Structure formats: C-alpha cells, structure tokens
Visitor: 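My structure is below; once you've seen it, I'll send some questions.
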Number of protein chains: 2
Amino acid sequence: MIRPGAAFMVANGIGRGQNRRVSLRCALLAQLNVEELSGYELTRRFAGFPGLFWQARSQQVYPELARLEEQGLLTSRVVEQQSRPDKRLYSITDTGRKRLGDWILSDSPPSFAKDDFLMKVWSYGVVDPASARRQLAVHRTLHELRLARFEDAAREHAPAEVSHLDPREFGEQLTVQAGIHLERSLLAWCETADEWLRAREDATPPGASPEERSA
Amino acid sequence: MIRPGAAFMVANGIGRGQNRRVSLRCALLAQLNVEELSGYELTRRFAGFPGLFWQARSQQVYPELARLEEQGLLTSRVVEQQSRPDKRLYSITDTGRKRLGDWILSDSPPSFAKDDFLMKVWSYGVVDPASARRQLAVHRTLHELRLARFEDAAREHAPAEVSHLDPREFGEQLTVQAGIHLERSLLAWCETADEWLRAREDATPPGASPEERSA
DNA sequence: GACATCATGTAAGCGGTTACATGATTTC
DNA sequence: GAAATCATGTAACCGCTTACATGATGTC
C-alpha cells in the first residue's frame with residue numbers, strides 16, 4: 001500500500017539522502033586520489049585546511065579507512081619510522097578511483113540548511129538590541145578570521161593562469177574561492193544587521209527590559 | 001590525569017558542541033515564543049519557510065515537544081476541530097522563555113563546515129570539465145530558486161522601516177537578508193567557477209579521458 | 001618531569017534519517 | 001475510489017561526538 005501525504009516536504013529541497021556514509025568515504029577517496037596519506041594526516045587536514053569543506057575526527061577516520069580497505073577501494077602499507085611511531089599509509093585502488101569518479105558527478109542538492117547562529121538571529125526582535133550587537137560583533141570577527149585564512153590560501157594564484165593549475169590545485173582553489181565569496185557575503189550581511197540593530201536601539205527606550213515579550 | 005595532544009583541533013573553530021539537542025529545542029521555543037502552534041505546523045515551517053535556518057521532520061518534532069512539556073518549558077491544550085482531526089497546540093511558559101533568552105545570547109561559532117557539493121568541486125581537476133560544467137549548471141539553478149524564495153520573503157519590507165518591524169518580523173527579515181547575501185555570493189561563485197572550467201576545457205584536448213589521473 | 005606532537009584506536013550515547021503505521025477529512 | 005491534506009506518532013539504524021585509552025618520541 002502506497003503511503004500518501006506531505007508533498008510539501010518533497011517540494012522544497014530538504015537535505016535528504018545527504019549522507020549514507022557516502023560523503024566521508026568520498027572525502028577520503030578524493031584526498032587519497034592525489035597522494036598517499038596516513039589517517040593522522042587526513043585527520044589533520046580535515047581539522048585545518050581551508051577549502052576542504054568536510055570534517056571528521058580521528059575516531060571516525062581510522063575505522064572508515066579500514067572499512068574502505070576491506071572493500072578494496074584502498075590499499076595500505078606500513079612505513080617504519082625512527083624518531084616517530086610507525087604509520088600506515090593508504091592509497092587509492094582502481095576500484096576506488098572508479099567509485100570516486102561516479103560520486104563526483106552524481107547529484108547533490110545545495111546544503112546550508114542548518115545554522116545555529118542564524119536561528120538565534122531569528123529571535124533578535126525579542127532581545128535587547130545592544131546585547132545582540134555585541135554578539136554580532138564577536139561573530140563578525142570569527143568570519144574575518146575565516147576570510148583571512150581563505151585569502152591566504154588563494155594568494156599566489158593569479159586568476160588568469162587557473163587553467164594551467166595541476167588537477168589537485170585547480171579544485172582546491174575553486175573551493176577556496178567559494179569560501180571567499182561566502183565569507184565576504186556574510187561579512188556584508190553583518191554590516192546591514194548591525195545597522196538594523198542600531199536603528200532598533202535608537203527606537204527603543206534605553207531602559208527597556210532585556211527580554212521584551214512578543215507584541 | 002589530563003590528556004595532552006592534538007592542539008590543532010582546538011585552534012581552528014571546529015563545529016564542536018554545536019548540538020547537545022539544544023538547537024532543535026530552542027528552534028521550537030523560538031517559534032512558540034511568537035505564537036501557539038501544533039507539531040504539524042512546526043514541521044511544515046521547518047520544511048518550507050525560507051529564513052528559518054533549521055529543519056526537523058515530524059518524527060523528531062513530536063517527541064521533542066513532549067519532552068519540552070515534561071520539563072515545564074511548554075504547555076499544551078487540545079483543540080477539537082470538525083472537518084479536521086483534533087490537534088494539540090503548544091505554547092511557551094515563563095521558564096521556557098527564560099531558557100530561550102539565555103540560548104539566544106550564548107556563544108555560537110559560525111557553521112558551514114560541511115558541504116557535499118563543494119567536496120565534489122574539490123576534485124573538479126580530475127574530471128572532464130564539460131561534465132563538471134553541466135553539474136555546475138544544475139547546481140546554479142537550484143541556488144537561483146532559493147534566491148527567488150528569499151527575495152519573495154523580503155519583498156514589501158522597505159529597509160528604511162526595519163526598526164519599526166514587530167519583533168517576529170524583525171528577526172525573520174534579518175535571516176532572510178542573510179539568505180539573500182549567501183545565495184547571491186554562491187551564484188557569483190558559480191560564474192567564476194564556470195569561467196575556470198571553460199578555460200580548462202579549452203586547454204584540454206577534447207578527446208581526453210573523462211577521468212584524468214592526477215599528475 | 002611536564003607538556004607537546006605523532007600515531008591509532010574502542011565504547012557509549014546523541015541527534016537525525018529512513019521506514020513504517022494509523023486514521024479522519026477533503027478534493028478530483 | 002484514488003489521492004492529497006491534516007495530524008501524530010514508533011522502531012531501527014546511521015553518522016558523528018564525547019569520553020577514554022595507549023604509547024613512543026621530542027622539547028622546555
């Protein structure tokens with residue numbers, strides 16, 4: 001029996017089918033497609049590289065690498081080191097490369113559906129404007145930091161020569177550009193938001209309660 | 001014993017402590033702070049309202065509402081309807097309003113850490129540029145649709161009068177503005193990405209393999 | 001000796017998705 | 001009578017986080 005109902009859920013692109021473990025798996029394959037890496041190094045990149053729009057901690061990375069090897073998408077070898085603990089380097093197999101290629105060109109609706117901070121902003125009408133402005137200022141500096149990191153990563157690449165970048169840097173620079181666009185737009189929004197709050201601050205008597213009730 | 005190690009994880013703002021069930025809970029409180037609503041209506045809004053930067057399905061909403069009532073942050077009453085099934089309307093309590101106020105002004109580092117599509121773009125150097133451009137075109141139309149919905153929601157609100165908006169609309173319009181800024185920046189990025197790919201297309205022999213290996 | 005980096009995990013629990021279930025009413 | 005909306009859930013599972021564990025090597 002086919003179940004009816006709730007067509008509005010389907011109509012608006014909700015982040016459905018986003019995962020199914022696919023994305024982490026492919027984020028790992030994508031990086032190992034370029035070079036041989038250890039779980040530790042992959043974790044480090046997830047944590048620190050701007051332009052890598054995914055993240056995972058070591059507790060997730062190591063088991064996933066093992067699973068990918070078991071499935072034949074990766075192979076690994078142990079490298080013995082002096083002055084450091086030994087490590088296991090993973091590299092992609094032909095099967096893995098095939099899987100990666102399929103994934104890259106598969107459908108993927110845009111994300112950005114959930115945002116803690118913007119959910120708070122949604123209630124900025126019912127809190128003290130001055131407090132909101134203070135929170136907004138902190139938020140802006142965090143975005144400024146992010147923008148600076150993206151711009152650092154973009155430096156030394158004249159846009160005229162992008163077609164001659166090697167495969168790895170080409171994609172990386174594209175995502176860095178996305179980061180720059182995003183951060184700049186959010187900083188611009190911070191400006192207008194601050195203006196709106198300032199106007200509201202002026203319109204509200206200074207002694208008003210920090211928690212106004214809804215009209 | 002204090003555990004050392006991995007300071008780089010802490011240095012770069014990783015989406016830690018983002019949840020702890022707090023955000024869904026407060027997204028519900030925020031909406032019930034404005035008006036009395038049913039679980040069904042809340043679910044509908046999560047699915048369809050631009051400017052509401054959170055989402056949850058009915059399966060998550062109903063149990064969470066029950067939990068919030070149990071904790072005294074909400075109360076509910078059953079409304080009998082003819083021509084429709086009865087429904088339960090929830091409203092916020094003073095305790096709930098207090099909790100909400102605390103949450104709104106609490107810290108929240110920016111999100112946007114994971115993105116399926118941009119993770120694919122990261123590998124755009126190793127796939128056929130023409131295929132990538134096709135995927136990008138689809139992606140762009142989705143963002144155009146989103147932008148249109150945000151702009152619809154923003155219409156009829158002259159920016160000059162924002163300070164006189166009622167509390168609910170003030171916050172909502174702020175988030176709608178954020179959506180507009182975001183979507184426009186992503187559309188602008190799509191333009192440059194398409195240019196980069198076109199340049200790469202011209203630089204690559206047309207008969208090249210759809211899956212180039214990394215140099 | 002305290003702390004940091006390098007390197008690799010296990011176990012429990014939470015937030016969220018997928019699949020499934022129920023039933024009344026309205027519209028074509 | 002088929003399909004859609006309105007209305008409210010339960011059960012299983014997955015992805016991810018939190019907490020914890022281990023141990024070698026290098027640095028102040």
Side-chain angles (χ1 to χ4, degrees), chain A residues 1-11 14-28 37-44 46-48 54-67 69 76 78-90 111 113-114 116, chain B residues 1-11 14-28 37-48 54-67 69 76 78-90 113-114 116:
Chain A
M1 189 192 299
I2 294 178
R3 293 187 336 90
F8 60 84
M9 308 273 197
V10 181
I14 297 186
R16 179 200 269 81
Q18 184 89 307
N19 269 320
R20 215 64 175 148
R21 180 177 287 138
V22 171
S23 299
L24 170 59
R25 173 161 49 202
C26 293
L28 292 169
L37 293 167
S38 67
Y40 186 81
E41 177 60 20
L42 284 162
T43 305
R44 226 176 58 82
F46 277 132
W54 205 260
Q55 46 174 234
R57 301 174 202 286
S58 62
Q59 298 97 315
Q60 214 186 342
V61 169
Y62 289 111
E64 189 63 33
L65 287 170
R67 227 172 283 130
E69 185 172 25
S76 72
V78 172
V79 174
E80 280 166 33
Q81 302 182 111
Q82 69 287 35
S83 91
R84 269 172 208 195
D86 299 350
K87 61 179 170 182
R88 181 176 293 271
L89 289 182
Y90 289 87
S111 60
K114 289 185 182 182
D116 218 48
Chain B
M1 190 193 297
I2 294 180
R3 293 186 337 89
F8 61 84
M9 306 273 196
V10 182
I14 296 186
R16 179 199 269 84
Q18 185 91 308
N19 267 321
R20 216 61 173 150
R21 181 177 287 139
V22 171
S23 298
L24 170 59
R25 175 160 47 201
C26 292
L28 293 169
L37 293 167
S38 68
Y40 186 80
E41 177 60 21
L42 284 161
T43 305
R44 225 175 59 81
R45 291 173 181 224
F46 277 133
W54 204 259
Q55 46 174 234
R57 301 177 202 285
S58 61
Q59 299 97 316
Q60 215 186 342
V61 169
Y62 289 111
E64 189 63 33
L65 287 171
R67 227 172 283 130
E69 185 172 24
S76 71
V78 173
V79 174
E80 280 167 32
Q81 303 183 113
Q82 69 287 35
S83 91
R84 270 173 206 193
D86 298 349
K87 62 181 172 182
R88 180 176 292 272
L89 289 183
Y90 289 88
K114 290 185 180 182
D116 218 49

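This one's a predicted model, so the numbers in the text were calculated from it and none came from an experiment. Numbered from 1 within each chain, the chains take letters A, B, ... in sequence-line order. Every heavy atom of this structure was used, including side-chain atoms; hydrogens, water molecules and symmetry mates were not.
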Visitor: Rounded to whole Å, how long is the line connecting atom CG of Leu37(A) with atom P of dA7(C)?
Guide: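 Spelled out: CG on Leu37(A) to P on dA7(C) is 12 Å.
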
Visitor: Angle, rounded to 10°, between the helical axes spanning five pairs at each terminus of the helix from dG1(C)-dC28(D) to dC28(C)-dG1(D)?
Guide: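 About 30° separates the two local helix axes.
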
Visitor: Within this structure, what is the CZ-to-P distance between Phe46(A) and dT17(D), rounded to whole angstrom?
Guide: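 Whole-Å distance recorded here is 11 Å.
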
Visitor: Just compare dT8(D), dA7(C), dT17(C) and give me whichever is closest to any side-chain atom of Gln55(B).
Guide: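 Between dT8(D), dA7(C), dT17(C), the one nearest the side chain of Gln55(B) would be dT17(C).
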
Visitor: Could you tell me the separation between the CZ atom of Arg44(A) and the C1' atom of dT5(C), rounded to a whole number of Å?
Guide: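 My rounded result for the distance is 11 Å.
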
Visitor: What's the shortest heavy-atom distance between Ser58(A) and Pro63(A), and which atoms?
Guide: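 Closest pair (atom of Ser58(A), atom of Pro63(A), distance): O-CD, 4.1 Å.
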
Visitor: Write out a two-atom table: protein N or O, nucleotide N or O from nucleotides 23-25 of chain D, distance below 3.5 Å.
Guide:
unit_1	atom_1	unit_2	atom_2	d
dT25(D)	O3'	Ser83(A)	O	3.0

Visitor: What is the distance from CZ of Arg25(B) to P of dG15(C), rounded to the nearest Å?
Guide: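 So the two atoms are 8 Å apart, to the nearest Å.
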
Visitor: Evaluate the side-chain proximity of Asp116(B) to Ser111(A): yes if any heavy-atom separation is below 4.5 Å, no if none is.
Guide: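 Heavy-atom side-chain distance check fails, nothing below 4.5 Å.
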
Visitor: I need the NZ-C1' distance between Lys114(A) and dC16(D), as an integer number of Å.
Guide: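 About 12 Å, once rounded to whole Å.
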
Visitor: Rounded at 0.5 Å granularity, tell me how far CZ in Arg45(B) sits from CG in Leu37(B).
Guide: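 Rounded to the nearest 0.5 Å, the CZ-CG separation comes to 4.5 Å.
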
Visitor: Which comes earlier along DNA chain C counting from the 5' end, the contact point of Pro63(A) or that of Gln81(A), where each point is its nearest nucleotide?
Guide: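 Checking each residue's closest nucleotide, the 5'-ward one belongs to Gln81(A).
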
Visitor: Glu64(A) and Leu28(A): which non-hydrogen atoms are nearest, and at how many Å?
Guide: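 Scanning both residues, the minimum pair turns out to be CG-CD1, 3.6 Å.
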
Visitor: Indicate yes or no for a side-chain donor-acceptor contact from Tyr62(A) to the backbone of Tyr40(A) under 3.5 Å, with no hydrogens or angles considered.
Guide: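 Pair found, side chain donor or acceptor close to backbone of Tyr40(A).
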
Visitor: If you look at every heavy atom in Ala56(B) and Val61(B), which pair is closest and at what distance?
Guide: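 Shortest heavy-atom contact: CB-CG2, 3.9 Å.
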
Visitor: Given atom OH of Tyr90(B) and atom P of dA7(D), what is their separation to the nearest angstrom?
Guide: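 It is 14 Å, rounded to the nearest whole Å.
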
Visitor: Which nucleotide in the list dC16(D), dT17(C), dA7(D) gets nearest to the side chain of Tyr40(B)?
Guide: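 Nearest listed nucleotide: dA7(D).
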
Visitor: Who pairs with Glu69(B) by side chain to side chain donor-acceptor pair (under 3.5 Å), at least two apart in sequence or on another chain?
Guide: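 If we apply the side chain to side chain donor-acceptor pair (under 3.5 Å) test to Glu69(B), skipping adjacent residues, the hits are Ser76(B).
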
Visitor: With respect to the side chain of Gln59(A), which nucleotide from dA7(D), dT18(C), dC20(D) is positioned closest?
Guide: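 Out of dA7(D), dT18(C), dC20(D), the nucleotide with an atom closest to Gln59(A)'s side chain is dC20(D).
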
Visitor: When rounded to the nearest 0.5 angstrom, what distance separates CD in Gln60(A) from CG in Leu65(A)?
Guide: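 One finds 11.0 Å between CD of Gln60(A) and CG of Leu65(A).
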
Visitor: Just how far, in rounded Å, is P of dG15(D) from CG of Leu28(A)?
Guide: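 Whole-Å distance recorded here is 13 Å.
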
Visitor: Taking all heavy atoms of Thr43(B) and all of Arg57(B), pick out the closest pair and write down the distance.
Guide: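 Smallest interatomic distance, heavy atoms only, reads CG2-C, 4.1 Å.
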
Visitor: Grab the NZ-C1' distance between Lys87(B) and dT5(D) for me, whole Å please.
Guide: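 Taking NZ of Lys87(B) and C1' of dT5(D), I get 13 Å after rounding.
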
